[in-house]
Undergrad: 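First the structure, which I've put down as structure tokens, then a few questions once you've had a look.
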Amino acid sequence: MLLVNTIRDHFETVLEGLQKRNFPHAEAALHQVLELDKNRKETQVERDRLQAESNSTSKEIGALLREGKKEEAEKIKSRTTEIKEQIKLLEDTYSNYEEDLKQLLYTLPNVPHYSVPSGKSADDNEIVFEHGEIPELFEGKLPHWELIKKYDIIDFDLGVKIAGAGFPVYKGRGARLQRALINFFLDEAIKAGFIEIQPPILVNEDSGYGTGQLPDKEGQMYEATADKLYLIPTGEVPITNLYRDVILNEVELPIMNVGHTPCFRREAGSWGAHVRGLNRLHQFDKVEIVQVVHPDKSYEVLEEMSQYVQGLLQKLELPYRVLRLCGGDMGFTSALTYDMEVYSAGQDRWLEVSSVSNFETYQANRLKLRFRGEDKKPQLAHTLNGSALALPRIVAAILENNQIEDGINMPKVLIPYLGFDMI
RNA sequence: AGAGAGGUGUCCGAGUGGUUGAAGGAGCACGCCUGGAAAGUGUGUAUACUCGUGAGGGUAUCGAGGGUUCGAAUCCCUUCCUCUCUGCCA
């Protein structure tokens with residue numbers, strides 16, 4: 001979440017940032033933050049003063065008792081009872097201010113980077129790069145939801161039987177294609193210097209708050225209510241939370257982690273046109289890269305991560321474009337996000353397959369993720385993450401773009417992983 | 001899941017109501033010693049909030065939350081976690 005100090009010291013910047021996101025009543029909210037913080041501090045000063053008085057009185061009583069002066073001790077005991085009541089009141093007031101402040105801060109999204117375009121929706125995103133040719137397919141080309149039936153590689157009906165809509169069953173070469181992609185993505189990441197992590201895919205509430213899924217996206221996650229756990233919507237959650245409440249040494253930076261996890265999303269209310277087949281699922285696999293870096297490096301690293309993801313798409317020979325998300329379309333916790341979209345020629349659409357974001361200190365503040373620099377003082381690190389990559393839409397694009405009349409060619413880089421070159 | 005034990009600073013580990021933010025040790029940092037190193041020795045070694053221009057203060061934190069008390073790491077309650085045994089199991 002945002003730091004109160006940032007809001008105070010850079011009020012205009014923060015305000016403009018929130019406005020760029022079309023955040024309603026931004027100015028009032030920010031003023032309220034400062035007001036609550038001021039009240040909080042004033043209450044704390046008074047509370048601490050009384051507490052100090054109470055503490056020293058208690059020490060006096062202890063000293064008197066040790067000297068055997070019971071009566072004198074009894075006498076000053078009465079003094080503390082009164083103070084205690086006041087402290088209790090101030091304590092309540094203090095925690096109210098603190099809680100209100102926290103709740104309010106939870107509602108404030110991150111301040112966008114200056115380069116983020118303003119805009120309301122996905123239509124206002126800025127295309128910053130395009131690569132590859134959109135394939136000209138033969139007459140009678142099929143979208144992937146037809147192809148998977150034709151070649152019997154992914155079965156949605158079976159998934160419905162086992163779980164429900166949006167839980168596909170991958171079969172035969174479909175399953176093998178998926179596994180090949182996972183291995184390819186992980187191997188590429190390891191080559192690029194990432195450390196592989198296999199995290200839990202159920203996480204506790206603290207983790208949800210740490211990366212910002214809670215309270216903002218409550219309802220998007222599946223919940224194991226009996227145990228108060230959430231199924232992860234992305235590997236970002238467990239992997240970034242590995243560093244919750246951690247003070248790193250500056251020399252340990254950058255932290256580069258990669259992990260393959262299934263992801264679970266309820267997607268409540270987001271079904272409609274354009275979500276057929278693999279385009280939107282309740283369960284899918286994703287390889288996620290996460291970095292924890294020095295604040296001076298985070299934008300450089302964001303570019304590197306973007307380049308890295310693009311490299312994967314190039315190796316898979318998929319035409320893609322890179323978008324800089326506008327203020328209105330960016331995730332709640334992000335300061336700058338690039339989306340990578342591949343062109344899927346069977347349905348003639350761009351599909352988002354990766355989202356690479358710099359969160360600056362927004363997550364780190366919630367996570368209490370810090371590092372100790374030269375001056376020995378802990379300071380908040382910057383966190384970044386990106387999909388590298390999300391599986392189903394990549395599968396969709398591979399199937400659609402590489403289809404021929406009687407089969408589907410596999411990308412060259414995958415053949416060693418697959419053990420076959422065609423479906 | 002049942003029975004028992006336990007959770008203290010970077011780590012080990014003392015501490016069952018009163019100058020204990022916390023003994024002692026290890027580690028680490030800096031200094032002394034040394035030709036250099038080891039050993040030895042001295043000093044320092046948490047985090048958050050907050051007051052103060054600063055030096056330097058205050059408050060909180062001994063898994064977490066609540067309670068008893070003038071005062072709690074120490075007593076009580078709740079909860080989480082770890083370990084051992086039993087059960088179950090990939």
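Naming convention: chains lettered A, B, ... in sequence-line order (proteins, then strands); numbering from 1 in each chain.
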Undergrad: Encode nucleotides 53-60 of chain B as B, S and - characters from 5' to 3', where the letter depends on protein heavy atoms closer than 4.0 Å: B to the base, S only to sugar-phosphate, - to neither.
TA: -----BSS

Undergrad: Looking only at atom C1', what distance separates B:rG25 and B:rG13, rounded to whole Å?
TA: 8 Å

Undergrad: Considering only the C1' atoms, how many Å lie between B:rU8 and B:rU86, rounded to the nearest integer?
TA: 31 Å

Undergrad: The criterion is side chain to side chain contact (heavy atoms under 4.5 Å, CB included); which residues satisfy it with A:His31, sequence neighbours excluded?
TA: A:Phe11, A:Glu27

Undergrad: Among B:rC70, B:rC49, B:rG67, which nucleotide sits nearest the side chain of A:Lys88?
TA: B:rG67

Undergrad: With heavy atoms under 4.0 Å as the rule, sort A:Lys38 into base, sugar-phosphate or nothing.
TA: nothing

Undergrad: Work out how far the C1' atom of B:rA37 is from that of B:rC32, and round it to whole angstrom.
TA: 15 Å

Undergrad: Side-chain donor-acceptor pairs under 3.5 Å in residues 166-181 of chain A, sequence neighbours left out?
TA:
residue: A:Lys171; atom: NZ; partner: A:Asp152; partner atom: OD1; Å: 2.9
residue: A:Arg173; atom: NH1; partner: A:Met422; partner atom: O; Å: 2.7
residue: A:Arg176; atom: NH2; partner: A:Leu418; partner atom: O; Å: 3.1

Undergrad: When rounded to the nearest Å, what value does the distance between P atoms of B:rA14 and B:rA23 take?
TA: 14 Å

Undergrad: Say whether A:Ser306 and A:Gln310, considering side chains only, have a donor N or O and an acceptor N or O under 3.5 Å apart.
TA: yes

Undergrad: Rounding to the closest angstrom, what is the interatomic distance between B:rG71 and B:rU59 at atom P?
TA: 15 Å

Undergrad: Report, one line per pair, each donor and acceptor closer than 3.5 Å where one atom sits in a side chain of residues 222-230 of chain A; sequence neighbours left out.
TA:
residue: A:Tyr222; atom: OH; partner: A:His282; partner atom: ND1; Å: 3.1
residue: A:Tyr230; atom: OH; partner: A:Glu218; partner atom: OE2; Å: 3.4

Undergrad: What distance, rounded to whole Å, do you find between the two C1' atoms, one in B:rG65 and one in B:rA72?
TA: 15 Å

Undergrad: Could you pull out all residues at least two apart from A:Glu304 that satisfy salt bridge (charged side-chain N to carboxylate O under 4.0 Å, His left out)?
TA: none

Undergrad: Can you tell me, in whole Å, how much space there is between the C1' of B:rG17 and that of B:rA73?
TA: 11 Å

Undergrad: For residues 97-105 of chain A, run the donor-acceptor check on the side chains, cut-off 3.5 Å, and write out each pair with its distance to 0.1 Å, sequence neighbours left out.
TA:
residue: A:Glu99; atom: OE2; partner: A:Gln103; partner atom: NE2; Å: 2.7

Undergrad: Given B:rU50, B:rU47, B:rC70, which nucleotide is nearest the side-chain atoms of A:Ile61?
TA: B:rC70

Undergrad: Classify the ring geometry of A:Phe184 against A:Tyr417: parallel below 30°, tilted from 30° to 60°, perpendicular beyond 60°.
TA: perpendicular

Undergrad: What nucleotide, of B:rA46, B:rC70, B:rA48, holds the atom closest to the side chain of A:Arg370?
TA: B:rA48

Undergrad: Considering only the P atoms, how many Å lie between B:rU34 and B:rG27, rounded to the nearest integer?
TA: 23 Å

